Amino acid sequence: MAGMRIVVCLPGEARSRLDEAVAEAMSPFEIDYSRGEELDIWDGWSIRGGADGGGFQLLPGYEEDPRVVHDGPRGDGTREPSLPGWCAGGPREALAFAEIRAEAAGLARAAWDLWHGLAPHHPPAEPHREVSDRPWSTPDEFRAGRLAEQEAEAAFDAQPLVVAYREGVAALLAAHRGYALGGGFLYNGAAGAVGRTGREEFAAEETAWMPGHSHVLTLDGWWYGEDEPVHGACDGPGDCPHTPPLPEPYRSFTSGYLEALPGDTLLVHVRCHV
């Protein structure tokens, strides 16, 4: 068993009965061995995300909105306050989505400019060297394949242009003041992509997933977690006649789904034991 986080989507009127509404939405996926095993997902949950900066970032002016959700009580009954600008949920219209992406896109464009400003002053960077195809069928093939991948990564990372670029991107990120952009943003400077794409294409690719809410329980009861989506209204994927609302790859579309919901839709960040 492990922990996971998921955004539970609820009608706006559910705010007055928050815990009960979250429990009702989550109940089809509780481990009880009464239906298909795909629906046996969690055995405990709590509302979290404001105190640890893992939930949602608020838009200015919504800090005192009574609809905003903060962390539920801990085991000893005490509540930990949210970090400034953070919450565990609230109406969609109070939460930053496009605003986070816009800030990130500006940084991605600056990173693209950095690469192309550095390029004339360094030897051209060679792309990642292709290594043997996966999957590897034997332990020896696995060890040899991983070693080849590590050597290819080290060779790419050691190139002077890549080194200078990543140092510059680290400085850009350190100087950024604004919304938290997540540890995955411009990972390793996205050095493998910045030299082969246009400026706007690079910015779009690096920010398309933001903000990164990859696990979602939709308004109509679809659980998008670690595995394939399952519908709480059915007994399992084999007995479900309904079409999942999000296209594949699912995790590329979960944040977009949340952002497109009506403004009064309540989004609640839940941590569950799975």
Side-chain angles (χ1 to χ4, degrees), residues 3 5 7 48-63 70-71 80-88 94-128 149-150 152-215 251-252 254-256 258-259 269 271:
R5 294 169 182 250
V7 176
R48 293 288 185 271
D52 62 9
F56 294 99
Q57 296 179 77
L58 284 165
L59 291 172
Y62 285 95
E63 294 83 359
H70 298 286
D71 288 20
E80 192 171 359
S82 294
L83 296 172
W86 287 86
C87 65
L95 310 176
F97 282 89
E99 297 77 10
I100 293 173
R101 245 185 351 270
E103 280 193 11
L107 277 176
R109 294 185 189 102
W112 191 94
D113 294 341
L114 174 68
W115 175 278
H116 290 273
L118 291 168
H121 307 289
H122 295 84
E126 296 294 329
H128 277 282
E149 287 184 343
Q150 291 165 2
E153 291 168 4
F156 179 81
D157 293 346
Q159 297 178 96
L161 175 54
V162 175
V163 172
Y165 169 71
R166 285 184 173 158
E167 290 174 350
V169 168
L172 284 174
L173 293 174
H176 172 68
R177 299 294 181 269
Y179 290 111
L181 302 178
F185 176 60
L186 287 179
Y187 177 70
N188 280 337
V194 68
R196 59 174 172 78
T197 57
R199 190 172 188 261
E200 292 306 310
E201 182 184 358
F202 178 71
E205 285 183 357
E206 293 303 311
T207 60
W209 56 274
M210 301 177 75
H213 302 295
S214 59
H215 299 152
R251 292 184 188 178
S252 297
T254 48
S255 285
L258 296 175
E259 188 173 358
H269 193 269
R271 184 172 67 195

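All values below were derived from every heavy atom in this structure, side-chain atoms included, with hydrogens, water molecules and symmetry-related copies excluded. Keep in mind the model is a prediction, meaning the values are calculated, not measured. In this chain, numbering begins with 1 at the start of the sequence shown.
Between Arg5 and His215, the closest side-chain pair of non-hydrogen atoms is not below 4.5 Å. Within the 4.5 Å cutoff, the side chain of Val169 has heavy atoms near those of the Leu173 side chain. A 4.5 Å side-chain heavy-atom check between Glu80 and His70 finds every atom pair outside the cut-off. Taking the side chain as every heavy atom from C-beta outward, Leu59 and Leu95 never approach each other to under 4.5 Å.
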Point to revise | Worked verdict on Glu206 versus Thr197 for side chain to side chain contact (heavy atoms under 4.5 Å, CB included) | key: CA-CA 11 Å; Glu206 293 303 311; Thr197 57; over 6 Å; no
Exercise for review: Mind running side chain to side chain contact (heavy atoms under 4.5 Å, CB included) on Trp209 and Thr254 for me, showing each step along the way?
Suggested key: CA-CA 8 Å; Trp209 56 274; Thr254 48; over 6 Å; no
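Residue Asp71 comes nearest to Ala88 through the heavy atom pair OD1-CB, 3.6 Å, listed as atom of the first residue, atom of the second, then distance. The heavy-atom pair separating Ala125 from Val162 by the smallest distance is CB-CG2, 4.2 Å. Residues Trp86 and Ala180 share a closest heavy-atom pair of CZ2-CB, 3.7 Å. Considering all non-hydrogen atoms of both residues, Leu107 and Leu186 come closest at O-CD1, 4.3 Å. The shortest non-hydrogen separation linking Glu126 to Gln159 is N-OE1, 2.6 Å. The two residues Ser82 and Cys87 have their closest heavy-atom pair at OG-CA, 4.0 Å.
Separating the CG atom in Leu118 from the CZ atom in Arg166 is a distance of 13.0 Å, to the nearest 0.5 Å. The CZ atom of Arg196 lies 9.5 Å from the CZ atom of Phe202; values are rounded to the nearest 0.5 Å. The structure places OG1 of Thr207 at 12.0 Å from CD of Glu103, a figure rounded to the nearest 0.5 Å. How far CG of Leu161 is from CH2 of Trp115: 4.0 Å, rounded to the nearest 0.5 Å. In this structure, NE2 in His116 is found 8.5 Å from OH in Tyr165, a value given to the nearest 0.5 Å. The CH2 atom of Trp112 sits 11.0 Å away from atom CD of Glu201, with the distance rounded to the nearest 0.5 Å.
With hydrogens and angles disregarded, a donor-acceptor distance shorter than 3.5 Å links the side chain of Arg101 to the backbone of Met210. His269 places a side-chain N or O within donor-acceptor distance of the main-chain N or O of Arg48, the cut-off being under 3.5 Å.
Residues that satisfy the ring pair (Phe, Tyr, Trp, His ring centres under 6.0 Å) test with Tyr179, not counting sequence neighbours, are absent from this structure. Partners of His176 under the ring pair (Phe, Tyr, Trp, His ring centres under 6.0 Å) rule, at least two apart in sequence or in another chain, do not exist in this structure. Applying the ring pair (Phe, Tyr, Trp, His ring centres under 6.0 Å) criterion to His128, with sequence neighbours excluded, gives Phe156.
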